Amino acid sequence: MTRKHILIASLVFVLLTVAVGGMGYRAKTDALAVVTAQFNQQQLLLAEKIAGDITDHFAFLRTCLEGLSLMWREQAVENGRPWLHVPAFSGILAQWNVAAVGVLAPGESLPRFFDASGTPLPDAGLCPAACGDILAATGAPGRIGLGRVFSPQSGVFAGRRLVAMAMPLADDRGRAGGLVLLVDAVAVAARYAHDVRSGQTGYAWVLDDRGVFLDHHESAFIGHESLAVRRERDPNIDWARLTWLIHNRVMAGERGTDWYVSGWHRGRIGEVMKYVAFCPAPLDPGRYPGNRWAVALAAPQDEVQGLIGRLVVRQWLLVGLFELIVFVGFATVMHFALRWNTTLSREVDKTARELLGAQEKLIRAERFAAIGEAAARLSHEIKNPLMLMGGFANQVRRHMAEGDKDAEKLAIIESEAKRLETLLNEVRDFTRPAAPHIEARDLNETVRASLAVMRPALEARNIEAAIDLDAALPPVPHDADHIKQVLLNLMKNAAEAMEQGGRLAVRSGIRDGKVRLTVADTGGGIPENVRARVFDPFCTTKESGTGLGLAVCQRIVEDHHGEIRFNTGETGTTFTVELPLSPQA
């Protein structure tokens with residue numbers, strides 16, 4: 001081999017090495033960019049979830065304050081001890097981080113405060129400036145004002161960070177008064193943000209509208225201005241970028257992602273680059289959009305890069321192997337490198353989908369829990385007086401002459417009371433479902449019994465009912481009453497979807513090792529704008545519907561360790577219920 005050939009071979013080797021090295025670096029950069037973008041998006045979704053929960057928290061408290069205002073004239077002003085006269089609200093407010101309730105009686109200058117148990121608080125001047133300013137600025141009676149976070153200098157709540165929600169009211173003589181809720185801002189922020197983790201070690205923090213920490217992984221930061229406490233801990237770090245980020249984006253109400261440099265992370269000391277996602281949490285987005293907090297999630301950059309660290313090592317080992325075998329291994333190395341990149345992209349997409357799916361399930365579970373708690377309490381308080389009203393209306397109507405117009409009005413009261421009682425029963429089934437008694441039994445017989453109940457209603461609507469049941473179906477572990485309730489709900493919905501008549505088909509069988517039940521109709525299908533919320537509580541397209549039927553069905557099926565889903569279109573809708581063949585632990 002001549003010197004020229006050696007030079008050419010060396011040059012080709014160097015060029016190929018540089019080319020392959022460049023391709024490997026580009027693949028690493030692209031993969032890191034994809035993972036980083038998906039990680040930032042996940043952090044932003046978590047931040048929006050926390051912000052939404054905080055906003056919903058204050059929206060619920062506004063609803064409670066409006067409810068308390070209805071009792072103000074009768075109880076709060078005359079008796080002076082409102083908490084002892086509103087037991088329906090005391091438990092709710094105590095659980096929703098209300099530290100104290102204030103009552104401003106007509107003719108008084110300062111509200112009188114009571115704790116969550118109804119005990120008067122000795123500090124009569126608990127929040128004279130904050131409450132008075134809100135009551136004066138809110139305007140017309142009945143409007144709710146929401147103040148900024150403040151911290152009393154003395155009294156029972158000295159040092160705590162509170163938010164005042166005030167509603168000015170007027171009595172029959174036009175004298176001004178009002179109601180005040182003092183909300184523990186730190187408790188609200190910690191309730192939704194403190195235990196949230198982004199990735200392996202990332203955490204959330206919440207700022208009020210002055211940039212003061214309401215929640216942070218390090219409890220020593222809470223109650224301090226976010227930039228000042230960082231500079232105090234490590235004055236040697238250049239905090240310029242974080243200062244710009246907080247002032248110009250986070251506190252300005254922006255939603256987005258960025259990065260900054262910190263001096264520590266969960267006990268690790270030294271400069272750490274962090275990815276951060278942030279969004280506003282408006283406390284009253286309808287009336288006072290400027291009154292907002294900010295939520296952020298931060299995680300170290302090297303944690304995100306570590307997700308593809310092993311891939312990078314293997315990739316460079318392939319490059320080194322290529323340099324050893326030079327031209328012979330070129331095609332093989334390129335083939336495996338491209339194949340590996342494809343596999344990586346597929347795995348990254350799979351991981352992202354799993355993370356998003358788990359997050360959606362968590363969000364739905366938290367919403368259902370909140371709805372269930374509030375619905376159960378309201379159902380308990382409403383049902384007894386509702387039954388009394390319906391019963392009294394029935395007794396009065398029976399003693400009135402037939403055709404009396406007032407008798408018609410009483411009949412309407414009875415009808416509406418029964419409808420609301422049905423709604424409360426469905427709320428009870430949804431919020432406090434009975435545990436299923438699962439044992440192996442004939443599932444086909446359960447289907448036949450359900451169809452027998454529905455057959456008169458189907459015939460009245462001119463609907464043809466067809467069943468196709470697998471005679472070889474073995475005994476299936478299930479609670480007959482609960483599964484019958486699922487089938488009745490599905491058949492009832494199918495019948496209501498076929499206003500002009502049609503065909504209802506019910507089938508049973510085994511597929512992929514599971515028992516499958518299908519209920520299909522020939523109606524107009526589910527509207528596209530509600531398909532994603534079909535199983536959400538109180539989601540309905542019917543004027544008289546409660547929106548709990550399918551939510552109850554989903555809970556029953558999940559209690560049986562099964563799955564329920566649907567396909568819909570212009571030619572009809574099919575609901576599919578899958579149950580396991582063997583008992584689940």
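Computed from a predicted structure; not experimentally measured.
For residues 270-281, no pair satisfies salt bridge (Lys or Arg N to Asp or Glu O under 4.0 Å), with sequence neighbours left out. Residue pairs meeting the salt bridge (Lys or Arg N to Asp or Glu O under 4.0 Å) criterion with at least one member in residues 252-265, sequence neighbours excluded, are E48-R255, R241-D258, R249-E254, R249-D258. Sorted by first and then second residue, the salt bridge (Lys or Arg N to Asp or Glu O under 4.0 Å) pairs with a member in residues 211-236 read E218-R233; sequence neighbours excluded.
In this structure, the side chain to side chain donor-acceptor pair (under 3.5 Å) partners of T568, at least two apart in sequence or on a different chain, are T573. Take T351 and apply the side chain to side chain contact (heavy atoms under 4.5 Å, CB included) test, not counting sequence neighbours, and it matches L355. Residues satisfying the side chain to side chain donor-acceptor pair (under 3.5 Å) test with R531, not counting sequence neighbours, are none. In this structure T257 satisfies the side chain to side chain donor-acceptor pair (under 3.5 Å) test with no other residue, sequence neighbours excluded. Listed by chain and residue number, W96, Y192 satisfy the ring pair (Phe, Tyr, Trp, His ring centres under 6.0 Å) test with H57 (two or more places apart in sequence, or in another chain). Every residue meeting the side chain to side chain contact (heavy atoms under 4.5 Å, CB included) condition with V186, not counting sequence neighbours, appears here in chain and number order: R161, D184, L214, I222. Remark: R565 engages E563, E578 in a salt bridge (charged side-chain N to carboxylate O under 4.0 Å, His left out) (not counting sequence neighbours). Applying the side chain to side chain contact (heavy atoms under 4.5 Å, CB included) criterion to N567, with sequence neighbours excluded, gives no partner residue. With sequence neighbours left out, the side chain to side chain contact (heavy atoms under 4.5 Å, CB included) criterion links H247 to L227, T243.
Nearest heavy atoms, A298 versus Y260: CB-OH, 3.6 Å. For the pair A185 and V149, the tightest heavy-atom approach, listed with the atom from each and the gap, is CB-CG2, 4.2 Å. The minimum heavy-atom distance linking P300 with V272 is given by the pair CB-CG1, 3.8 Å. The two residues P280 and A51 make their nearest non-hydrogen contact at O-CB, 3.4 Å. S198 approaches Q43 most closely through the heavy-atom pair OG-OE1, 2.7 Å. When all heavy atoms are compared, the tightest approach of L44 to G256 is CD1-O, 3.8 Å.
A perpendicular orientation is assigned to the rings of F575 and F535, their planes being inclined by more than 60° (bins at 30° and 60°).
Here the straight-line distance linking atom CZ of F60 with atom OG1 of T55 works out to 15.5 Å at 0.5 Å rounding. Here the straight-line distance linking atom CZ of R148 with atom CG of L283 works out to 11.5 Å at 0.5 Å rounding. The CD atom of Q41 sits 5.0 Å away from atom CG of L45, with the distance rounded to the nearest 0.5 Å. Atom-to-atom distance recorded for W239:CH2 and L245:CG is 12.0 Å, nearest 0.5 angstrom. To the nearest 0.5 Å, atom CG of residue L297 and atom SG of residue C279 are 8.5 Å apart. Atom-to-atom distance recorded for H265:NE2 and T201:OG1 is 3.0 Å, nearest 0.5 angstrom.
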Walk me through it: do H194 and Y203 pass the test ring pair (Phe, Tyr, Trp, His ring centres under 6.0 Å)?
CA-CA 8 Å; H194 198 72; Y203 52 83; 9.6 Å; no
Give the C-alpha distance, both sets of side-chain angles, the deciding distance and a yes or no for ring pair (Phe, Tyr, Trp, His ring centres under 6.0 Å) between F213 and H216.
CA-CA 7 Å; F213 278 124; H216 192 276; 4.8 Å; yes
Between D238 and V261, does a side-chain contact (heavy atoms from CB on, under 4.5 Å) hold up when you go through it step by step?
CA-CA 8 Å; D238 182 4; V261 175; over 6 Å; no
Apply side-chain contact (heavy atoms from CB on, under 4.5 Å) to the pair T36 and Y275, showing each step before the final yes or no.
CA-CA 9 Å; T36 300; Y275 292 126; 3.6 Å; yes
Please assess D208 against R292 for the test salt bridge (charged side-chain N to carboxylate O under 4.0 Å, His left out), listing each intermediate value before the final yes or no.
CA-CA 7 Å; D208 68 9; R292 60 173 177 257; over 6 Å; no
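Contact of the W293 side chain with the V163 side chain is registered, since non-hydrogen atoms from C-beta on lie closer than 4.5 Å. Contact annotation: the side chain of Q301 never approaches that of W259 to less than 4.5 Å [non-hydrogen atoms, C-beta and beyond]. Side-chain contact between M167 and L169 is present, with at least one heavy-atom pair separated by less than 4.5 Å. V196 is listed as a side-chain neighbour of I50, based on a closest heavy-atom distance under 4.5 Å. Between S262 and I237 there is no side-chain heavy-atom pair separated by less than 4.5 Å. Looking at F221 and V212, their side chains never come closer than 4.5 Å, going by heavy atoms from C-beta outward. Annotation: side chain of S151 is not in contact with side chain of L162 (no heavy-atom distance under 4.5 Å). Within the 4.5 Å cutoff, the side chain of H217 has no heavy atoms near those of the W205 side chain.
No salt bridge links E66 with R62; every basic N to acidic carboxylate O contact stays at or beyond 4.0 Å.
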